[in-house]
Amino acid sequence: MWIYKVKDYQEMSRRAAALLSAQIIAKPDSILGLATGSTPVGTYEYLVSWYQAGVLDFSEVRVVNLDEYRGISRDDEQSYYYFMKKHLFDHVNIRPENTHIPDGCGSYAEAVTQAYETLIRLLGGADLQLLGIGRNGHIGFNEPGDSFTETCHCVALAKSTIEANKRFFTREEDVPREAYTMGIGTIMRAKKIVLLASGEDKAEALRGALEGPITSWLPASVLRLHHDVTVVADEAALSLVNG
Ligand code: F6R
């Protein structure tokens, strides 16, 4: 595991965008596993600006996103599909048919998750998986206690996750209670993983992930068992880490 300690959110974003760019340049048809949330927004801004500057070409890139709320349609502004279009897909030359996110409105949860897992396997798995970390240590929407071997599945969101995500909604009761997510097993099959963390509110989770016991009660701790993980985190997020 490589840990890059950077000054702040801006530097984290630039470093993460550089890692993603290196992947795209080395393998133009890379399968990128991407994340949503506040953490990667700056990373996507850098990618868009480097694309506009002619440095990057997304024409062969394929994307498999980590997760999607259940019961929310793609054109809903709260959907992760909408988020990805707004922050990345609409601004680069990625082909829409090469962007994949679980179908939040699929009728049967089991059908949605099995189809998504199959798709990721058929594509050969992510070459690089980008991750954020929840305050409770979740990755994707794998909440504390979820099995390390799980594939794509439907989850009931933890109370703390609903609490954290309500900032994106007008009312707390509008935050979906369930989501589709790649499982930890799916994430761990990625060839490379890049974990991002910024801010003091991630410090406790990051300390647990990097220095605590490897336990399903802190899902991100499993990443220490992966052979190629890069952590890019700012000083505030790493403030409780000793090493
Ligand atoms: C998002 C995702 C989540 C977030 C995590 C951190 O696709 O899978 O695990 O990465 O909840 O969210 P932010 O970045 O908003 O703090």
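As the structure lists them, so they are numbered: ligands from 1, and atoms in each ligand from 1. All of these numbers come straight from a predicted model, not from anything done at the bench.
- R121 has a carboxylate O that lies under 4.0 Å from a charged side-chain N of E117, or vice versa, which qualifies the two as a salt bridge.
- Using a 4.0 Å cut-off to heavy atoms of G37, the atoms of ligand 1 that qualify are 14 (O), 15 (O).
- Proximity of T39 to ligand 1, defined as any heavy-atom pair under 4.0 Å, is shared by backbone and side chain alike.
- Using bins of under 30°, 30° to 60° and over 60° for the plane-to-plane angle, the ring pair Y46/W50 lands in the tilted bin.
- Contact annotation: for R167 versus ligand 1, heavy atoms closer than 4.0 Å belong to the side chain alone.
- For ligand 1, the atoms lying closer than 4.0 Å to a non-hydrogen atom of K202 are 6 (C), 13 (P), 16 (O).
- Short contacts between ligand 1 and L66, defined as distances under 4.0 Å to a heavy atom of the residue, involve ligand atoms 8 (O).
- Among protein heavy atoms, atom 1 (C) of ligand 1 sits closest to T36 OG1, 3.2 Å.
- Considering only residues two or more places apart in sequence or on other chains, H87 meets the ring-ring contact (aromatic ring centres under 6.0 Å, His included) condition with F83.
- Shown in contact with G132 at under 4.0 Å from a heavy atom are these atoms of ligand 1, numbered in order with element: 10 (O).
- Contacts between I133 and ligand 1 below 4.0 angstrom, taking non-hydrogen atoms only, involve the backbone exclusively.
- Other residues, nucleotides and ligands place no more than 12 heavy atoms under 6.0 Å from the CZ atom of R14.
- Near G140, meaning under 4.0 Å from any of its heavy atoms, are these atoms of ligand 1: 2 (C), 3 (C), 8 (O), 9 (O).
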Test Y51 against I24 for side chain to side chain contact (heavy atoms under 4.5 Å, CB included), laying out the working first.
CA-CA 11 Å; Y51 164 74; I24 296 169; over 6 Å; no
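- Heavy-atom distances between E68 and ligand 1 stay at or above 4.0 Å for every pair.
- Each of the atoms 1 (C), 2 (C), 7 (O), 8 (O) of ligand 1 lies under 4.0 Å from some heavy atom of D67.
- Counting only heavy atoms of the protein, atom 11 (O) of ligand 1 lies nearest to H138 NE2, 2.6 Å.
- Within the 4.5 Å cutoff, no side-chain heavy atoms of V92 are placed close to those of V61.
- Among residues at least two apart or in separate chains, side chain to side chain donor-acceptor pair (under 3.5 Å) pairs with a member in residues 215-239 are S198-D234.
- In terms of modelled atom types and a separation under 3.5 Å, the side chain of E68 and the main chain of Y81 share a donor-acceptor contact.
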